[in-house]
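First up is the structure itself, then whatever we jot down about it.
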Protein chains: 4
Amino acid sequence: MKDLIEEINQFRDERNWRQFHNSKDLALSLSLEASELLENFQWVSSEKAVAENRENIKDELADVFIYGLMMADDLDIDMREAISDKLKKNAVKYPVKDDDPSH
Amino acid sequence: MKDLIEEINQFRDERNWRQFHNSKDLALSLSLEASELLENFQWVSSEKAVAENRENIKDELADVFIYGLMMADDLDIDMREAISDKLKKNAVKYPVKDDDPSH
Amino acid sequence: MKDLIEEINQFRDERNWRQFHNSKDLALSLSLEASELLENFQWVSSEKAVAENRENIKDELADVFIYGLMMADDLDIDMREAISDKLKKNAVKYPVKDDDPSH
Amino acid sequence: MKDLIEEINQFRDERNWRQFHNSKDLALSLSLEASELLENFQWVSSEKAVAENRENIKDELADVFIYGLMMADDLDIDMREAISDKLKKNAVKYPVKDDDPSH
């Protein structure tokens with residue numbers, strides 16, 4: 001993801017935006033973008049939302065990732081490692097059941 | 001990110017969870033994880049939150065990415081491309097000012 | 001609050017909107033309005049947000065209450081009672097400290 | 001709602017919490033409670049959520065209202081008036097259709 005982070009950092013440095021980018025406001029902004037993503041599904045079924053709003057879903061999902069990558073970069077978090085570590089924690093929390101045919 | 005997506009897909013297939021993973025509930029879940037991330041900053045300054053909750057911030061940020069990557073995979077969205085495309089749209093929406101010394 | 005609930009119900013019945021108003025989508029909509037409220041505080045201090053956006057804060061807060069009252073009415077929840085009961089639960093969860101001068 | 005506001009203010013004054021209650025953190029907290037409300041509907045149908053989680057839905061909805069009433073009180077907003085005004089604005093934004101049989 002390094003090339004993406006570089007692209008994102010260039011974007012915010014060209015606009016001198018890093019001065020506003022404390023982690024609290026980045027977390028708040030990520031939450032707002034997650035809501036804009038969710039808004040695509042308001043009052044409609046999942047299928048209808050995807051059929052009608054796929055392009056906007058893609059854009060809002062990208063905004064979520066952009067804020068997430070900004071935050072990770074500021075806090076020196078390696079997202080690849082963070083995701084892999086969290087999947088291991090989730091696997092302990094939600095063990096695969098022994099009688100699960102997929103196991 | 002392909003290896004991450006494979007790791008995530010293995011996680012949900014081992015638990016037979018894909019049956020629950022319609023896009024509407026994934027968007028809803030991503031929004032809930034974004035709130036759990038934001039909760040680290042409730043009532044405190046950005047600095048204090050980062051100093052005290054960095055590990056939890058990392059975990060919640062990872063959960064946001066995990067749901068985001070699930071959703072992208074289900075909708076055949078290439079996140080690398082989606083992020084790069086969205087940065088270009090944002091650049092048009094927020095042009096670098098001519099008198100901006102960083103320009 | 002009964003007169004408000006009547007006003008709200010008249011509003012949605014005139015538009016035939018009750019068919020869309022399942023509780024899941026009302027909860028989702030309330031959450032989206034809470035984000036629009038929060039958006040007034042994005043990138044700025046609390047004081048600046050209140051000074052500049054008080055009218056919009058009032059409107060978004062009203063939308064949160066409108067969805068909340070719709071939901072309560074559909075589920076036969078008396079909000080006055082619900083709030084009073086929850087304050088009692090919160091009081092047990094967060095007891096007033098003995099050495100608290102306000103006690 | 002005046003008696004509710006008095007009850008809420010007594011609750012926070014007994015705990016000396018008003019010092020933390022700037023509007024930005026109240027809006028953030030209201031948004032977190034809205035997510036806890038929404039969490040009751042994660043992965044399940046609206047009907048199933050209501051059947052299984054009605055008590056928790058009531059509690060989380062109450063928390064949303066409590067934060068909303070705190071915020072309104074701090075900003076000298078009369079919620080009864082704010083809601084009534086907003087319904088009038090929404091009525092202009094979403095006019096009742098002429099051919100609407102309910103009209």
Side-chain angles (χ1 to χ4, degrees), chain A residues 1 3-4 7-8 11 13-17 22-28 30-35 37-38 40-41 44-47 49-50 54 57-66 68-69 71-72 74-75 77 79-80 82-87 89-91 94 96-97 100-103, chain B residues 1 3-4 7-8 11 13-17 22-28 30-35 37-38 40-41 44-47 49-50 54 57-66 68-69 71-72 74-75 77 79-80 82-87 89-91 94 96-97 100-103:
Chain A
M1 302 183 195
D3 52 332
L4 281 175
E7 209 175 327
I8 291 169
F11 177 83
D13 285 336
E14 281 175 353
R15 283 155 190 81
N16 276 327
W17 280 358
N22 64 78
S23 296
K24 184 167 183 167
D25 273 303
L26 286 176
L28 192 157
L30 188 155
S31 165
L32 299 184
E33 296 297 340
S35 284
L37 171 62
L38 186 55
N40 285 290
F41 298 90
V44 291
S45 70
S46 188
E47 293 71 26
V50 169
R54 194 180 169 285
I57 289 168
K58 188 184 139 197
D59 276 354
E60 302 297 356
L61 198 51
D63 276 332
V64 168
F65 274 72
I66 290 169
L69 288 171
M71 210 177 162
D74 289 351
L75 301 181
I77 292 170
M79 279 316 300
R80 183 178 293 280
I83 293 168
S84 203
D85 287 354
K86 192 53 168 54
L87 281 171
K89 283 193 199 184
N90 291 352
Y94 304 104
V96 175
K97 288 176 196 143
D100 189 330
S102 73
H103 188 50
Chain B
M1 303 185 195
D3 50 335
L4 282 174
E7 210 176 326
I8 291 168
F11 176 84
D13 285 336
E14 281 176 354
R15 284 156 190 79
N16 275 329
W17 280 359
N22 64 80
S23 296
K24 186 169 183 167
D25 274 301
L26 286 176
L28 192 157
L30 189 154
S31 166
L32 299 184
E33 296 296 341
S35 284
L37 172 63
L38 187 54
N40 286 289
F41 298 90
V44 292
S45 70
S46 189
E47 294 71 25
V50 169
R54 194 180 170 285
I57 289 169
K58 189 184 138 195
D59 277 354
E60 301 297 356
L61 199 49
D63 276 332
V64 168
F65 273 74
I66 290 169
L69 289 171
M71 208 176 164
D74 289 351
L75 301 181
I77 293 171
M79 279 316 299
R80 182 177 294 281
I83 292 169
S84 203
D85 287 355
K86 192 53 168 55
L87 281 171
K89 283 193 198 182
N90 291 352
Y94 304 105
V96 175
K97 287 177 195 142
D100 189 329
S102 73
H103 190 52

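These numbers come from a predicted model, not from an experiment. Reminder, nothing fancy here: chain letters follow the sequence lines and each chain counts from 1.
- Between the CG atom of A:Leu30 and the CD atom of B:Glu60 there is a distance of 11.5 Å, given to the nearest 0.5 Å.
- Shown here are the ring pair (Phe, Tyr, Trp, His ring centres under 6.0 Å) partners of B:Phe41, two or more places apart in sequence or in another chain: there are none.
- Side-chain N or O atoms of B:Lys24 include none that pairs as donor or acceptor with a backbone N or O of A:Glu47 at under 3.5 Å.
- Highest contact tally toward chain B, considering only A:Val44, A:Asp63, A:Val50, is held by A:Asp63 [criterion: heavy-atom pairs under 4.5 Å].
- Between the CG atom in A:Leu69 and the CD1 atom in B:Ile83 there is a gap of 5.5 Å [rounded to 0.5 Å].
- Neither the backbone nor the side chain of A:Ala49 comes within less than 4.5 Å of any heavy atom in chain B.
- With a 4.5 angstrom heavy-atom cutoff, A:Leu32 does not touch chain B via any of its atoms.
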Query raised in the report: Going through the checks in order, is the side chain to side chain contact (heavy atoms under 4.5 Å, CB included) test met by B:Asp3 and A:Arg80?
Result: CA-CA 10 Å; B:Asp3 50 335; A:Arg80 183 178 293 280; 2.9 Å; yes
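- If you measure heavy-atom distances from A:Ile66 to chain B, the contacts under 4.5 Å come from the side chain alone.
- Neither the backbone nor the side chain of A:Leu26 has a heavy atom closer than 4.5 Å to any heavy atom of chain B.
- Considering only residues two or more places apart in sequence or on other chains, B:Arg54 meets the salt bridge (Lys or Arg N to Asp or Glu O under 4.0 Å) condition with none of them.
- Summarising the geometry, atom CD belonging to B:Glu14 is positioned 13.5 Å from atom NZ belonging to A:Lys97; distances are rounded to the nearest 0.5 Å.
- Contact record, B:Ala82 with A:Ala62: O-CB, 3.5 Å, taken as the closest heavy-atom pair.
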Report task. Go through the steps for B:Leu75 and A:Lys58 under the test side chain to side chain contact (heavy atoms under 4.5 Å, CB included), then give the verdict. Result -> CA-CA 9 Å; B:Leu75 301 181; A:Lys58 188 184 139 197; over 6 Å; no
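- Looking only at distances, a side-chain donor or acceptor of B:Ser46 sits under 3.5 Å from a matching main-chain atom of A:Ser23.
- Taking chain A as the reference chain and counting heavy-atom pairs below 4.5 Å, the highest number among B:Ala91, B:Ser35, B:Ser45 is found for B:Ala91.
- Using a 4.5 Å cut-off between heavy atoms, A:Asp25 does not touch chain B at all.
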Report task. Apply side chain to side chain contact (heavy atoms under 4.5 Å, CB included) to A:Phe11 and B:Val96, showing your working. Result -> CA-CA 9 Å; A:Phe11 177 83; B:Val96 175; over 6 Å; no
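- Taking chain B as the reference chain and counting heavy-atom pairs below 4.5 Å, the highest number among A:Ile8, A:Ile57, A:Asp85 is found for A:Ile8.
- Both the backbone and the side chain of A:Asn90 have a heavy atom closer than 4.5 Å to some heavy atom of chain B.
- A:Arg15 places a side-chain N or O within donor-acceptor distance of the main-chain N or O of B:Tyr94, the cut-off being under 3.5 Å.
- What you find for A:Ala27 and B:Leu37 is that their closest heavy atoms are CB-CG, 4.4 Å.
- Contacts with chain B were tallied for A:Val64, A:Leu4, A:Leu28; A:Leu4 has the most, counting heavy-atom pairs under 4.5 Å.
- Heavy atoms closer than 4.5 Å to chain A are found nowhere in B:Asn40, neither backbone nor side chain.
- With a threshold of 4.5 angstrom between heavy atoms, A:Met79 approaches chain B through side-chain atoms but not through N, CA, C or O.
- A:Ala34 and B:Ser31 make their closest contact through CB-CA, 3.9 Å (heavy atoms, listed as atom of the first residue, atom of the second, distance).
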